[in-house]
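To keep things clear, I will list the structure first and then write my remarks on it.
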Amino acid sequence: MAKDFPTRAENYAQWYNDLVIKADLAENSAVRGCMVIKPYGYAIWEKMQATLDKKFKETGHMNAYFPLFIPKSFFSREASHVEGFAKECAVVTHYRLKGAPDGNGVVVDEEAKLEEELIIRPTSETIIWDTYRNWIQSYRDLPLLINQWANVVRWEMRTRLFLRTAEFLWQEGHTAHATSQEAIEETQKILDIYADFAENWMAVPVLKGYKSPNERFAGAVDTYCIEALMQDGKALQAGTSHFLGQNFAKAFDVKFLNQNNTLDYVWATSWGVSTRLVGGLIMAHSDDHGLVIPPKLAPVQVVIIPIYKKPEQLVQISEKAHLIKSALEKKGISVKFDERDSFTPGWKFNEYEFKGVPVRLAIGPRDLENGTVEVARRDTLEKSVYQITDIENKVVNLLENIQENLFQKALSFRENNTHQVDTWDEFVETIENKAGFVLAHWDGTTETEQKIKEETKATIRVIQTDTRPEPGKCVYSGKPSKQRVVFARAY
RNA sequence: CGGGGUAUAGCGCAGCCCGGCUAGCGCACCUGGUUUGGGACCAGGGGGUCGUAGGUUCGAAUCCUACUACCCCGACCA
């Protein structure tokens with residue numbers, strides 16, 4: 001180890017930037033805070049996309065695509081929605097350039113001013129609901145279950161790699177239903193998909209529940225969410241699913257005739273996860289040796305590295321490696337055989353550890369003689385020697401084992417960093433010095449929540465729906481409370 | 001927008017206070033050779049309008065002025 005690495009992944013931005021993912025925030029001021037994701041990082045996102053897309057389709061959703069530009073007037077229609085997003089919108093005002101009078105480059109052609117400015121979508125509710133008006137007439141048109149994979153732009157004052165970038169990639173689902181009940185069920189169904197994905201693919205345990213009014217999506221009646229805990233003790237909102245009531249239907253006049261031949265507004269949901277998940281994945285599992293990618297999302301699950309002195313040896317090793325590679329591929333495992341001669345084995349070992357490849361196989365002359373292969377697992381960094389017989393099943397088991405181990409590790413981290421507190425002193429002390437999730441009673445008022453935020457920077461991350469109610473007294477005001485809620489400092 | 005910092009090769013930096021010959025180092029890159037079971041070594045080589053504009057000076061990376069950009073902290077962040 002000749003290089004300096006950030007200790008305990010405390011500077012995550014450095015991981016992203018310098019080591020493996022190579023996601024730079026664009027430096028050009030014109031696209032400040034937008035993300036440049038290099039191929040390896042993007043491959044992780046593609047795996048996430050593929051997995052989620054399949055789940056959405058299995059539950060009856062279809063993909064569609066709507067415009068990047070939203071007429072400004074659309075935003076004015078839903079009052080709290082415009083309030084929530086107005087401060088972070090990029091605006092298109094002109095549609096043409098012309099040669100600069102001084103001959104240097106181009107300038108905006110003032111004559112090509114748009115009559116109405118266009119907003120680059122920060123989210124697509126408005127333009128989608130404007131379209132839905134024409135798509136929905138009767139209860140027979142419902143439910144309308146649509147998802148969109150797209151980019152959105154939110155001109156944040158301050159950006160953080162992956163976690164809050166000015167432009168990001170996401171999916172946004174927008175559904176319309178005949179009844180309130182059905183829309184709420186949809187919201188919860190999606191939340192379950194998100195939670196399942198986080199826990200069983202990303203190996204990141206999450207808390208499920210809903211947001212306090214203060215943290216709610218602009219324009220929603222209820223916002224459900226999953227919250228994860230990062231290794232530095234800060235919370236990360238990993239996905240949200242909103243019950244929008246009839247707010248958008250009323251704002252965009254989307255009515256349908258029900259079976260009784262009466263007109264009613266439709267009920268709506270919207271839900272999304274973004275490239276923030278890539279950041280969350282990294283921050284949940286990485287260690288001092290680099291990324292740790294759970295097997296189910298790893299672009300490369302197994303890497304094979306040859307060790308040899310003479311070219312003849314490489315020929316023999318390659319033969320063996322290709323046999324193993326195709327045996328593993330038949331089991332659906334993605335395998336890379338790195339036979340580049342320009343890097344030493346030691347260099348490659350480190351390289352793939354950075355990249356978080358779950359399993360590494362090394363084959364050298366010794367293994368050729370003994371019919372063995374050296375197997376190293378990324379999560380524990382343990383090395384062992386396997387007989388090559390039946391190697392594909394051994395590796396399949398190992399990958400499953402690693403996936404499970406990562407989840408358990410993250411789960412016990414969360415358990416060790418979840419604290420139940422009953423007094424204000426305890427609360428402040430825990431937030432300041434221990435970080436993590438803090439379970440405390442809250443009187444249910446926005447006022448108290450904001451006071452707590454001002455004094456400690458902690459916010460209510462989630463009000464869990466899958467825990468038992470427990471009466472108590474608000475940790476801040478002393479007023480009665482029905483259940484504990486989850487506080488934390490968040491990204 | 002407030003407070004602090006930075007800008008020199010693809011990346012990371014030194015040089016600046018106290019102006020001076022051809023602007024230097026590490027990594028990376030290229031060529032040749034020896035290497036290869038945990039980031040190899042030797043030799044040679046390529047790459048810079050020192051953020052931009054102006055000023056002072058015989059002479060500016062270095063001093064002065066303005067501008068621009070980026071980073072950290074804060075405000076902001078469904």
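Every heavy atom of this structure was used, including side-chain atoms; hydrogens, water molecules and symmetry mates were not. Lettering of chains follows the sequences in order, A, B, ..., and the numbering in each one begins at 1.
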Pairwise [atom1] distance for [N] and [M], with rounding to whole Å:
| N | M | atom1 | answer |
| --- | --- | --- | --- |
| G51(B) | C13(B) | P | 15 Å |
| G15(B) | G32(B) | C1' | 34 Å |
| A43(B) | C25(B) | P | 14 Å |
| G47(B) | C30(B) | P | 16 Å |
| G59(B) | G20(B) | C1' | 7 Å |
| G55(B) | G46(B) | P | 35 Å |
| C76(B) | G2(B) | C1' | 13 Å |
| U52(B) | U8(B) | C1' | 14 Å |

Map every base of RNA chain B to its dot-bracket character, where paired means a Watson-Crick or G-U wobble contact with both distances under 3.5 Å and | marks a partner outside the strand.
(((((((..((((......[...)))).((((((.....)))))).....(((((..]....))))))))))))....
With a 4.5 Å limit on heavy-atom distance, are the side chains of V375(A) and K394(A) in contact?
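SC-SC contact between V375(A) and K394(A) ruled out.
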Restricting to nitrogen or oxygen on both sides, can you table the protein-nucleotides 30-36 of chain B pairs closer than 3.5 Å?
| from | atom 1 | to | atom 2 | distance (Å) |
| --- | --- | --- | --- | --- |
| U36(B) | O2' | Y308(A) | O | 3.2 |

Not counting sequence neighbours, which residues clear ring-ring contact (aromatic ring centres under 6.0 Å, His included) with H322(A)? List them please.
F337(A)
K457(A) side chain: which of G74(B), C77(B), G38(B) is closest?
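Among the listed nucleotides, the one closest to the side chain of K457(A) is G74(B).
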Nucleotide nearest F354(A) when distance is taken to its side chain, options G37(B), C77(B), G39(B):
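The listed nucleotide nearest to F354(A)'s side chain is G39(B).
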Once side chain to side chain donor-acceptor pair (under 3.5 Å) is applied, do any residues pair with [X], and if so which ones, sequence neighbours excluded?
| X | answer |
| --- | --- |
| T344(A) | none |
| K325(A) | E329(A) |
| D338(A) | R340(A), Y352(A) |
| D341(A) | Y308(A) |

Sort and list the pairs that fulfil salt bridge (charged side-chain N to carboxylate O under 4.0 Å, His left out) and have at least one residue in residues 204-213 of chain A, not counting sequence neighbours.
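Qualifying pairs: D192(A)-K208(A), K211(A)-E227(A).
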Just distance, no hydrogens or angles: give the donor-acceptor pairs under 3.5 Å from side chains in residues 83-93 of chain A, sequence neighbours left out.
none

Without swapping roles, check the side chain of W45(A) against the backbone of M48(A) for a donor-acceptor pair under 3.5 Å.
no
